[in-house]
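The structure appears right after this line, and notes come after that.
These numbers were taken from a predicted model, which means no experiment stands behind them. All chains are named by letter (A, B, ...) in the order of the sequence lines, taking the proteins before the strands, and each is independently numbered beginning at 1.
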Amino acid sequence: MTETSATARDAAPPRPLWQVLLIRPEMMTLILLLVGIFAGSQLSEFFLDTDYILKSFTLSAEFAMVALVLTLVIIAGEIDLSPAANMALSACLFAWVQAAGVPLPLAVLVGLGAGLAMGALNGALVIGLQIPSIIVTIGTLILYRGLAQIIAGDKSIRVPESFVGINDVMVAGIPLPVILFCLLALVLGLLLGTTIFGRQIYLVGTNEVAARHAGVRSARIRMILFLMMGLVSAVAGLMTASRLGSVRYDLGLGGELQMVLMAMLGGTYIFGGRGTILGTFLAAWLLVIVTTGMIVANVLPAWQLCVLGLLLIVSIIATNLIYSRTQR
Amino acid sequence: MDSGSNPVLLSARGIAKQFAGVEVLSDVSLDLRRGEIHALLGENGAGKSTFAKIIAGVHRPTRGTLVLNGQEVDIANPIVAQRLGITLIHQEPISFPDLSVAENLVLGRDAGAPLARVPWARMLAEARATMGLLGVSIDVTRPMRGLSIADQQMVEIARALASDSRLILMDEPTAPLTPKEVATLFTIARRLRDEGRTVIFISHRLEEVRALCDRVTIFRDGRKVATEPTAALADADIIRLMIGRPLKEYLHKTKTQVGDVALKVTGLTRPGLFRDISFQVRRGEVVGLAGLVGAGRTDVAQAIFGIAPAEQGSIEVAGRPVRIPDPAAAIALGLAFVPEDRAQAGIFRSLPVDQNITAAVPRRIAPVLFIRRAVERALAVEAVKRLRIRLATLRQPIGELSGGNQQKAILSRWLLTDPQVLILDEPTRGIDIGVKAEFYDRIGELAADGRAILLISSELPELLALCDRILVMSEGRLTAELPRAQATQEAIMQAAVPRLQGVAA
């Protein structure tokens, strides 16, 4: 490589190490996470209670799992805003059919199948009819939520005792939802980072036309992603049902924003092509740490929202600034 | 032709321009006189367009000054340029396609207060008067969309007139025009000159420069190498100055062994784009595809490669009839396609060079499930060495490389697929002369290797030098197939120009 490096008249100089590290999309998240932990421990001595943090995390583990898959979708240049509504509809369907006498395992399958079908509908509209995914999924977000309300009405549907309490199941002292989240992050991280499927997600998200020219079956990849999205939403919906013990049409209401927030806070570039699972993984913890920290420090809920909003804006400005600096 | 004594309108002193640390223009000093048509000549990437854009305020020079009428000026942006009476007429006219011709004519002029009423009647009257002055009849209330490129160009020129420009820059205005339209353009350019305005004319075509221009300035590798009266230079001198060595040396074709038919298309049709296209390419053969912009050459290539498949017709690869619904299928059959628009269809700008190079060979970098980085790196290193791609590191985003090196990376991506049929669409567009020569060598080698090559190019010398046969397209049809011995620039142009052209302009 000696002949190709230093002498090149038209080659940019190699970039310094600090830039290489900082340009990693999840770096800013890691820094914020460390700052958050430090600040939290200064604010209150109760903060560094691992059990409490893990318990808090189970409350957002469902959203966080969906956010992991959403990260792939966003990197591929698409978006899905319907998962929270999908969670509600698949959970409602599950609760409704089992209340009507369908055996529990079958009811679970109905719920998962419904989630998959919703993902398929999103995918078909985006890829088949070539409607921008933001429009499609805003539409289906309202549609799925509406259907959930039709099925469940305004009342709660109880789920059977045997299904309740996923958050109380402990594996080696860690709540099961947290374990599931970590496992999913590991699998998706490997998928995105080390397989051809993952590589092609980046190609499609960076330049869809060029990807197709290079033989990447972009439509298939994006369809698979929407299906994964539907499935993980249904899983998250059922987990929420299990945690709450009952299902209402407004389950997970507004959750899509938290999911997008996690992905973006993790350094995922909203227009596609950039982002990592590690980033979203860290961002999910960051959100829990910051929220928990603020609760133990007695910050008013209204202020907590402001802090979260500012956090997102600051991290995006920082990432973009570093990115554009290094792209010259 | 007595412009030699005319006063100087604009004087460029030591103009230099760098893009991302790369010097594309070095210390150009040039006087432009009133009432002259001044040609800027040079190969692609020689710096002539950059120079024109600096004068028009599109780019700002890194060093150097511009002096207009004896006063130093800072042309910070195109609006300033317009105010100073400088207008750039773009290669592909930029306009607002849904606005009317008249509206496009007054664009960029001071329109009065933001909420002032639009003086429609006066605008239309002025627009008609201006078009009349040019001697063209275009309905000024029609939207720009749907006008021919020639007419759109006329509107741009009219805009220059309407804003009373003193200096009009035309960047390859004749490329998309028919001869009749070119004649109209020349008449207008001469009239502008006779009114005492200055016209800068950028073209690749020597004969046009000879017919029109009073003086020429020749650029090479970002430097001005000569400014002379046109009459003082012979064609051979101009070419020598442009490319820095005699033409013969620069273009050569190695004889290769021609084998079996590798690609055969029969009756390919896609309504509105191309009709009834039939040809074949043999192994070891370089077949050129010539034609004007918009003749349908790229559409045919895209149809063969499965990007926008043809509606009728058949394709045979290596003697077997095949169906190619998408590029993945084409690649599996041993086809490769280097697209014309590198930024849009070729590179993944923000991704590292190595990932760009291996994008089309997933099976080679991940034999089982996981990507093997060492294999990927080795393939990329090998490609970088083989095509002499200049870069800092393989991990750097490909967008940081120069155009020529990006193009080499795209070519190496396709060479990794070991293609039997290679379709190259304007592979040397926008890359500098040295890299171009490397490309020509490479194309010759690939053919000698027994691959079939379909070369789409608008540069006739390139086609003449490299191809065994040249197909010519015009308005979506094949109009000629010229064996090497019969192929001349004239023969190609004759077949490329539409026969049943209506009255131009």
Side-chain angles (χ1 to χ4, degrees), chain A residues 1-17 19-21 23-25 75 77 189-221 269 271-275 320 323-324 326-328, chain B residues 20-23 302 305-307 326-332 337-339 341-351 355-356 358-363 365-366 369-373 376 381 384-385 388-397 399-405 410 413-414 417 432:
Chain A
M1 284 259 306
T2 40
E3 60 164 343
T4 58
S5 53
T7 54
R9 173 188 81 128
D10 49 358
R15 68 163 71 89
L17 183 68
Q19 279 193 359
V20 176
L21 285 179
I23 201 177
R24 304 276 317 157
I75 295 173
L190 285 175
L191 182 77
L192 183 65
T194 65
T195 69
I196 285 297
F197 183 74
R199 173 66 60 78
Q200 294 190 335
I201 288 175
Y202 284 107
L203 296 183
V204 168
T206 305
N207 186 342
E208 207 261 338
V209 177
R212 271 190 287 125
H213 275 76
V216 177
R217 293 201 152 106
S218 145
R220 188 158 73 184
I221 285 172
Y269 184 49
F271 297 115
R274 260 165 58 83
N320 282 358
Y323 189 57
S324 62
T326 50
Q327 277 296 290
R328 297 181 58 79
Chain B
V22 181
E23 185 126 321
Q302 289 187 338
F305 199 62
I307 294 157
D326 61 17
I331 295 167
F337 176 50
V338 176
D341 190 339
R342 194 165 52 230
Q344 205 228 330
I347 62 166
F348 302 97
R349 175 166 292 281
S350 57
L351 294 186
Q355 295 189 13
N356 269 278
T358 58
V361 287
R363 287 274 78 84
I365 57 170
L369 205 57
F370 298 112
I371 294 174
R372 306 209 4 221
R373 298 241 189 249
E376 171 165 47
V381 166
V384 165
K385 275 213 188 103
R388 275 180 290 171
I389 301 172
R390 289 166 167 183
L391 40 62
T393 84
L394 281 173
R395 301 299 303 165
Q396 107 190 94
E400 292 177 357
L401 304 190
S402 72
N405 284 307
I410 302 294
R413 173 194 297 170
W414 290 111
T417 68
D432 64 55

Item to complete: Enumerate the residue pairs fulfilling salt bridge (Lys or Arg N to Asp or Glu O under 4.0 Å) with a member in residues 194-208 of chain A, sequence neighbours excluded, ordered by first and then second residue.
Response: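 Only A:R199-B:E376, A:E208-A:R212, A:E208-A:R222 qualify under salt bridge (Lys or Arg N to Asp or Glu O under 4.0 Å).
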Calculate, to the nearest 0.5 Å, the distance between atoms [atom1] and [atom2] belonging to [X] and [Y] respectively.
| X | Y | atom1 | atom2 | answer |
| --- | --- | --- | --- | --- |
| B:T358 | A:I196 | OG1 | CD1 | 7.5 Å |
| B:N356 | A:L203 | CG | CG | 8.0 Å |
| A:H213 | B:I347 | NE2 | CD1 | 13.5 Å |

Just so I understand: if I count every heavy-atom pair under 4.5 Å between each of [options] and chain A, which residue has the most?
| options | answer |
| --- | --- |
| B:P362, B:A360, B:G346, B:A330 | B:P362 |
| B:F348, B:F370, B:W414 | B:F348 |
| B:G399, B:G306, B:A359 | B:A359 |

Worksheet item: Given A:R217 and B:D326, is the side chain to side chain contact (heavy atoms under 4.5 Å, CB included) satisfied, shown in steps?
Response: CA-CA 8 Å; A:R217 293 201 152 106; B:D326 61 17; 3.2 Å; yes
Item to complete: Specify the closest pair of heavy atoms between A:G215 and B:I331, including all atoms of both residues, with the distance to one decimal.
Response: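 Shortest heavy-atom contact: CA-CD1, 3.4 Å.
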Worksheet entry | Closest heavy-atom pair and its distance - A:T195, B:I371 |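 Scanning both residues completely, I find the closest heavy atoms to be O-CD1, 3.5 Å.
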Worksheet item: Given a strict heavy-atom distance threshold of 4.5 Å, which part of B:R373 is in contact with chain A: side chain, backbone, both, or neither?
Response: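 Just the side chain, heavy atoms under 4.5 Å.
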Fill in: Atom group of B:I365 that falls short of 4.5 Å from chain A, counting heavy atoms
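The side chain, not the backbone.
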Worksheet item: Do the side chain of A:N207 and the main chain of B:A343 share a donor and acceptor less than 3.5 angstrom apart?
Response: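 Such a contact is found between A:N207 side chain and B:A343 backbone.
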Item to complete: Kindly write out the residues that satisfy ring-ring contact (aromatic ring centres under 6.0 Å, His included) with A:Y202, not counting sequence neighbours, or none if the list is empty.
Response: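 Not a single residue meets the ring-ring contact (aromatic ring centres under 6.0 Å, His included) criterion with A:Y202.
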